[in-house]
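All values below come from the heavy atoms of this structure, side chains included, with hydrogens, waters and symmetry mates left out. Atoms within a ligand are numbered from 1 in the order they appear, just like the ligands themselves. We count residues from 1, following the sequence as given. Nothing here was measured: the structure is a model prediction, and the numbers come from that model.
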Amino acid sequence: MSKLRVAVIGAKGRMGAEAVQAVEAAEDLELVAAVDRDEALETLTGAGAQVAVDLTHPDAVMGNVEFCVRNGIHAVVGTTGWTDERLDALRGWLADAPGTGVLIAPNFGIGAVLTMRFARQAARFFDSVEVVELHHPGKADAPSGTAVRTAQLIAEARREAGCPPQPDATSTALDGARGADVDGVPVHAVRLRGLVAHQEVLLGGEGEMLTIRHDSLHRSSFMPGVLLGVRRVPTAPGLTFGLEHFLDLDD
Ligand SMILES: NC(=O)C1=CN([C@@H]2O[C@H](COP(=O)(O)OP(=O)(O)OC[C@H]3O[C@@H](n4cnc5c(N)ncnc54)[C@H](O)[C@@H]3O)[C@@H](O)[C@H]2O)C=CC1
Ligand SMILES: O=C(O)C1=N[C@H](C(=O)O)C[C@H](O)C1
């Protein structure tokens, strides 16, 4: 059986280097290109890449994904920075490339995907919910893409259940003291040497608290998700947002 031909964009970065190793170690995949900043994307077409993994920077990802889609290369995207406007642009490119698939995964970690799911399930049962994400100090964006997605899922679940606004008597505060407001959910970002990627969802009700916490202790934790995305995206034309769609979860 022929191997799936894979490229990694951002190959010299923290995640890209890990992805290069993971693809090289997979018997059913062949690494045909590993490009970084200042290297031409045409390397991908020249090498006959079928799937590209983008692990770059929010400023770079749009150009990279547009190139892939316009050249019929499926894309697995871990890079953050996906606003509604960006997703609309991507859907427009995909409309002109009906056989091409793009997976955007705010987090490739299976535990992180489950955290998001559990947070969504729990959200309607508590008066208060806040998200704390904690990352290494080399991270470009705050809050993390995962935290933004988690907050959006929580907000959606609370809206659907008709939950009232969260109690909060704060009337004076220093800028940022209550975190960023993502769809009504406070999100707090910590940057600390020694951390990799961590998240807590704090839920509070009358006389009780639930904490849902996930820790990525090493970037290898993201690799099973990256490889799953690479293998599944050629059979999933259009946009798939979230690795959960490839995990065959119930509900
Ligand atoms: N979805 C997920 O599970 C995960 C996503 N990420 C995201 O992946 C992205 C990369 O994270 P890190 O590896 O930590 O960053 P990094 O800064 O270590 O690596 C990024 C790499 O991309 C390269 N790059 C920048 N612009 C480029 C361009 N136009 N073309 C090719 N290469 C380019 C840089 O030179 C660098 O080598 C971030 O957005 C981060 O949030 C990180 C970890 C897990
Ligand atoms: O930059 C990182 O490191 C990570 N980025 C992703 C995010 O912003 O959610 C995923 C994970 O948190 C690690």
Side-chain angles (χ1 to χ4, degrees), residues 7-22 33-44 49 52-68 73 75-83 86 102-116 119 131-153 180 182 187-201 213-230 233 240-247:
V8 175
I9 314 177
K12 292 182 182 157
R14 287 174 287 255
M15 275 291 281
E18 195 77 34
V20 163
Q21 281 185 30
V35 303
D36 204 90
R37 193 194 298 274
D38 301 332
E39 288 172 71
L41 287 172
E42 284 70 22
T43 309
L44 273 63
V53 181
D54 187 285
L55 297 160
T56 59
H57 189 281
D59 293 345
V61 65
M62 287 298 277
N64 295 341
V65 176
E66 181 174 12
F67 177 89
C68 290
I73 301 172
V76 171
V77 182
T79 308
T80 42
W82 288 94
T83 59
R86 285 179 167 215
V102 173
L103 165 68
I104 296 176
N107 202 307
F108 288 113
I110 306 301
V113 172
L114 292 174
T115 299
M116 288 187 254
V131 178
V132 184
E133 57 94 330
L134 309 92
H135 281 82
H136 59 94
K139 184 164 176 55
D141 54 318
S144 71
T146 306
V148 171
R149 184 66 187 144
T150 306
Q152 288 169 341
L153 290 169
V182 179
V187 179
H188 310 268
V190 176
R191 296 292 173 266
L192 205 72
R193 182 81 65 209
L195 295 178
V196 178
H198 317 257
Q199 178 165 286
E200 279 189 1
V201 181
R213 179 171 174 120
H214 176 257
D215 297 275
S216 269
L217 304 172
H218 190 274
R219 289 182 182 81
S220 55
S221 62
F222 301 116
M223 294 306 124
V226 170
L227 297 183
L228 175 67
V230 166
V233 76
T240 302
F241 193 91
L243 189 70
E244 61 273 21
H245 298 289
F246 291 169
L247 287 177

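- Formation of a donor-acceptor pair under 3.5 Å by the E18 side chain with backbone atoms of M15 is not found in this model.
- No side-chain heavy atom of H57 sits less than 4.5 Å from a side-chain heavy atom of R37.
- A donor-acceptor pair under 3.5 Å is absent between the side-chain atoms of T56 and the main chain of G10, judged by distance alone.
- Under 4.0 Å from any atom of ligand 1, one finds heavy atoms of residues I9, G10, K12, G13, R14, M15, D36, R37, L55, T56, A60, G78, T79, T80, A105, P106, N107, F108, K139, D141, F222.
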When the side chains of residues 106-116 are checked against the rest of the protein, which donor-acceptor pairs come out under 3.5 Å, sequence neighbours left out?
residue	atom	partner	partner atom	Å
N107	OD1	G109	N	2.8
N107	ND2	T146	OG1	3.1
T115	OG1	G111	O	2.8

Does ligand 2 have any N/O atom under 3.5 Å from a protein N/O, and what are those pairs and their distances?
residue	atom	partner	partner atom	Å
ligand 2	1 (O)	K139	NZ	2.9
ligand 2	3 (O)	H136	NE2	2.9
ligand 2	5 (N)	K139	NZ	3.1
ligand 2	8 (O)	K139	NZ	2.7
ligand 2	8 (O)	G145	N	2.8
ligand 2	9 (O)	G145	N	3.2
ligand 2	9 (O)	T146	N	2.8
ligand 2	9 (O)	T146	OG1	2.5
ligand 2	12 (O)	H135	NE2	2.6

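- When each of Q199, H214, H198, R191 is paired with E133, the side-chain hydrogen bond (donor to acceptor under 3.5 Å, both in side chains) condition holds for R191 and for no other.
- Contact annotation: the side chain of N64 approaches that of L41 to within less than 4.5 Å [non-hydrogen atoms, C-beta and beyond].
- The side chain to side chain contact (heavy atoms under 4.5 Å, CB included) with I9 is formed by just one residue from the set L44, V53, T79; it is L44.
- Remark: S220 engages H218 in a side-chain hydrogen bond (donor to acceptor under 3.5 Å, both in side chains) (not counting sequence neighbours).
- At least one side-chain heavy atom of W82 sits under 4.5 Å from a side-chain heavy atom of V61.
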